[in-house]
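Input: a single structure, listed below in structure tokens.
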There are 2 protein chains.
Amino acid sequence: MIDPSRINTLVQFYGALADETRLKLVGLLALRPTCGQHLATELGVSAPTVSHHISKLKALGLVVSVREDNTIYYALNTAKLQHLTKEMFAEDSRPAPPKDERQKVISNFFESGRLRCLPVQYKKKLYVLQELLKAFVPNRDYLEAEVNEIIKMSFDDYCTIRREFVMNRYMNRDRGVYRVNPPELWLGC
Amino acid sequence: MIDPSRINTLVQFYGALADETRLKLVGLLALRPTCGQHLATELGVSAPTVSHHISKLKALGLVVSVREDNTIYYALNTAKLQHLTKEMFAEDSRPAPPKDERQKVISNFFESGRLRCLPVQYKKKLYVLQELLKAFVPNRDYLEAEVNEIIKMSFDDYCTIRREFVMNRYMNRDRGVYRVNPPELWLGC
DNA sequence: CCTCTATTTTGATGTATGCCAAATTAGACA
DNA sequence: TGTCTAATTTGGCATACATCAAAATAGAGG
């Protein structure tokens with residue numbers, strides 16, 4: 001079930017989440033990007049402690065940071081979290097539940113959580129874009145730099161993806177601030 | 001994203017898997033049920049160490065033990081492992097990908113990893129049985145007591161489920177030893 | 001450059017825990 | 001009941017690491 005070569009990755013990943021403070025940190029960052037001081041007071045620990053834990057989460061790619069003026073905002077990389085969670089069952093040899101069309105496209109175009117290339121076929125492209133969109137939480141503002149950072153974890157050409165997000169109305173852009181649209185607004189569904 | 005009341009459960013769960021020895025243990029048990037001594041030599045650690053780790057995994061319900069004659073066989077509870085892995089995303093508020101029919105039935109009849117009741121409708125019943133079957137690995141023998149233990153983690157009336165498994169040819173029974181059948185043999189698919 | 005603030009690094013301390021050897025227990029079988 | 005094997009518990013040691021205070025650093029803005 002577990003690929004020996006991934007044991008180390010998995011131990012690190014589980015270790016990262018096996019601490020109460022870090023888990024709460026992840027919980028807070030899941031709500032919105034937050035700066036270090038706010039996290040410290042929220043959790044009732046010192047700033048160095050937050051820094052210490054954030055650096056561990058960043059080392060695993062679970063958190064990205066974006067500087068804005070004098071403060072650094074930390075944001076959760078949801079896609080990475082899901083990808084690592086799935087690692088555990090990667091080598092599962094049990095008869096897989098029948099994949100639907102969407103699932104097939106996803107597994108063809110993604111490898112180890114990264115997008116190989118953007119599909120040309122419209123329908124497939126939408127599946128892939130929707131998959132990438134999962135890394136973003138609704139009802140939350142994202143700075144452009146943040147959007148870029150998060151896309152970049154799955155695909156280098158973040159400009160194309162960001163543009164596709166907006167063109168297909170998966171995301172709304174207002175004065176440089178991005179936001180996930182409710183599915184009713186999405187095109188091509 | 002993370003329910004505060006479950007933080008402790010999650011910390012324990014991740015902690016359980018955040019150790020190389022325990023992760024290897026899980027990997028070995030995923031292949032087949034194994035006794036302590038064999039695990040010890042396989043991993044190159046002492047018997048007390050194995051015992052120590054097994055007891056941690058058992059405390060979380062990740063491992064069940066069945067005594068046969070003089071030796072105790074430990075077996076992985078795959079269903080529990082999957083259920084705990086999913087906990088992390090339980091409170092996920094992102095727009096869910098459209099659930100297919102099977103997924104809808106599963107989420108209606110299961111709650112927190114346990115089966116509420118066995119559906120009466122034939123088709124739904126099969127979905128549920130297939131879900132329960134995921135706790136068993138193919139190409140591996142299960143003792144009846146072991147089958148019971150594993151089913152019991154999801155549903156108290158293990159007799160009914162075990163009988164349904166055999167009747168629908170999801171499992172084969174030969175002289176008291178159970179085995180998952182390949183999907184080609186399953187009835188009603 | 002200088003200042004100011006947020007973050008990170010350093011150093012020290014206490015706790016948690018993985019590991020083994022030795023002793024003990026549990027249960028099967030005669 | 002006695003014996004035998006496998007598993008567990010106990011005790012002790014070493015390491016890992018969460019935490020904080022204090023010091024150092026980074027970068028924005030004058």
Side-chain angles (χ1 to χ4, degrees), chain A residues 7-8 10-29 32-60 62-76 143 145-146 149, chain B residues 7-8 10-29 32-60 62-76 143 145-146 149:
Chain A
I7 288 243
N8 235 349
L10 282 169
V11 168
Q12 284 185 304
F13 168 63
Y14 286 119
L17 298 179
D19 177 84
E20 184 170 340
T21 305
R22 275 195 298 268
L23 208 50
K24 285 179 179 170
L25 220 41
V26 169
L28 286 176
L29 293 181
R32 68 193 71 81
T34 317
C35 67
Q37 295 221 317
H38 188 238
L39 291 170
T41 62
E42 195 80 16
L43 294 179
V45 297
S46 69
T49 301
V50 168
S51 177
H52 169 69
H53 289 306
I54 288 281
S55 75
K56 286 205 169 185
L57 294 173
K58 271 173 72 174
L60 278 169
L62 251 34
V63 164
V64 296
S65 59
V66 176
R67 180 165 215 131
E68 194 184 1
D69 293 338
N70 232 329
T71 69
I72 297 177
Y73 286 89
Y74 306 101
L76 188 64
L143 306 170
E146 212 179 328
E149 281 303 311
Chain B
I7 289 244
N8 234 350
L10 282 170
V11 169
Q12 285 185 304
F13 167 62
Y14 287 119
L17 298 179
D19 176 83
E20 184 171 339
T21 306
R22 276 196 296 270
L23 208 51
K24 285 180 180 171
L25 220 40
V26 169
L28 286 176
L29 293 181
R32 67 193 73 82
T34 316
C35 66
Q37 294 222 316
H38 188 239
L39 291 170
T41 61
E42 196 79 16
L43 294 179
V45 297
S46 70
T49 300
V50 168
S51 177
H52 169 69
H53 289 306
I54 287 282
S55 75
K56 287 205 169 185
L57 295 173
K58 270 173 74 173
L60 278 170
L62 251 35
V63 164
V64 295
S65 59
V66 177
R67 181 165 213 131
E68 194 184 2
D69 293 339
N70 232 328
T71 69
I72 297 177
Y73 286 89
Y74 305 102
L76 188 64
L143 306 171
E146 212 180 327
E149 281 305 310

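Note on naming: letters A, B, ... go to the chains in the order of the sequence lines (proteins, then strands), and numbering restarts at 1 for each one. Quick caveat, the model's predicted, so the values are computed rather than measured.
For the atom pair B:Leu10 CG and A:Asp19 CG, the distance stands at 12.5 Å (nearest 0.5 Å). The line from OH of A:Tyr74 to CG of A:Leu25 is 9.5 Å long, rounded to the nearest 0.5 Å. Of the inter-residue distances, the one linking A:Arg67 atom CZ with A:Asp69 atom CG reads 9.0 Å to the nearest 0.5 angstrom. In this structure, the separation between OG1 on B:Thr34 and CD on B:Glu42 is 8.0 Å, given to the nearest 0.5 Å. One finds the NE2 atom of B:His52 at 10.0 Å from the CG atom of B:Leu57 (value rounded to the nearest 0.5 Å). Atoms CZ and CG, from B:Phe13 and A:Leu17 in turn, are 10.0 Å apart once rounded to the nearest 0.5 Å.
Atoms NZ (A:Lys56) and C1' (C:dT9) sit 15 Å apart, rounded to a whole Å. One interatomic measurement links the two molecules: CD1 of A:Ile54 to C1' of D:dA18, which rounds to 15 Å at whole-angstrom precision. Between the CG atom of B:Leu17 and the P atom of C:dG18 there is a distance of 12 Å, given to the nearest Å. At whole-Å resolution of the value, CD1 in B:Ile72 and C1' in D:dA6 are 7 Å apart. Straight-line distance from the CD atom of A:Glu20 to the C1' atom of C:dA16: 14 Å, rounded to whole Å. Whole-Å rounding puts the A:Leu25 CG to D:dT19 P distance at 10 Å. Rounded to an integer number of Å, the gap from NE2 of B:His53 to P of D:dT9 is 14 Å. D:dC17 atom C1' lies 21 Å from atom OH of A:Tyr14, rounded to whole Å.
Among the nucleotides C:dT8, D:dT8, C:dG18, the one closest to the side chain of A:Ala47 is C:dT8.
Nearer the 5' end of DNA chain C, as judged by each residue's closest nucleotide, is the contact made by A:Thr71, out of A:Thr71 and A:Ser55. Both A:Val45 and B:Val50 sit near DNA chain D, but only B:Val50 has its closest nucleotide nearer the 5' end.
At a non-hydrogen distance threshold of 4.0 Å, A:Cys35, A:Gly36, A:Gln37 from residues 33-40 of chain A come into contact with DNA chain C.
Proximity of B:Thr49 to the phosphate of C:dC20: a side-chain N or O atom is located under 4.0 Å from OP1 or OP2. In this model, the phosphate group of D:dT19 is approached by a side-chain N or O of A:Thr21 to a distance below 4.0 Å at OP1 or OP2. A sub-4.0 Å separation between OP1 or OP2 of D:dA7 and a side-chain N or O of B:Tyr73 is absent. At the phosphate of D:dA18, OP1 or OP2 sits under 4.0 Å from a side-chain N or O atom of A:His52.
With A:Leu29 as reference, A:Ile54 is the one residue of A:Leu62, A:Val64, A:Ile54 to meet the side chain to side chain contact (heavy atoms under 4.5 Å, CB included) rule.
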Measure all distances between protein nitrogen or oxygen atoms and nitrogen or oxygen atoms of nucleotides 21-30 of chain D, and list the pairs falling under 3.5 Å.
unit_1 : atom_1 : unit_2  : atom_2 : d
D:dG29 : OP1    : A:Asp69 : OD1    : 3.2

Yes or no on side chain to side chain contact (heavy atoms under 4.5 Å, CB included) for B:Leu43 and B:Thr21, after CA distance, side-chain angles and deciding distance?
-> CA-CA 7 Å; B:Leu43 294 179; B:Thr21 306; 4.1 Å; yes
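Between the side chain of B:Arg22 and the main chain of B:His53, no donor-acceptor pair closer than 3.5 Å is present.
Minimum heavy-atom separation, B:Thr71 to B:Cys35: CB-CB, 4.3 Å.
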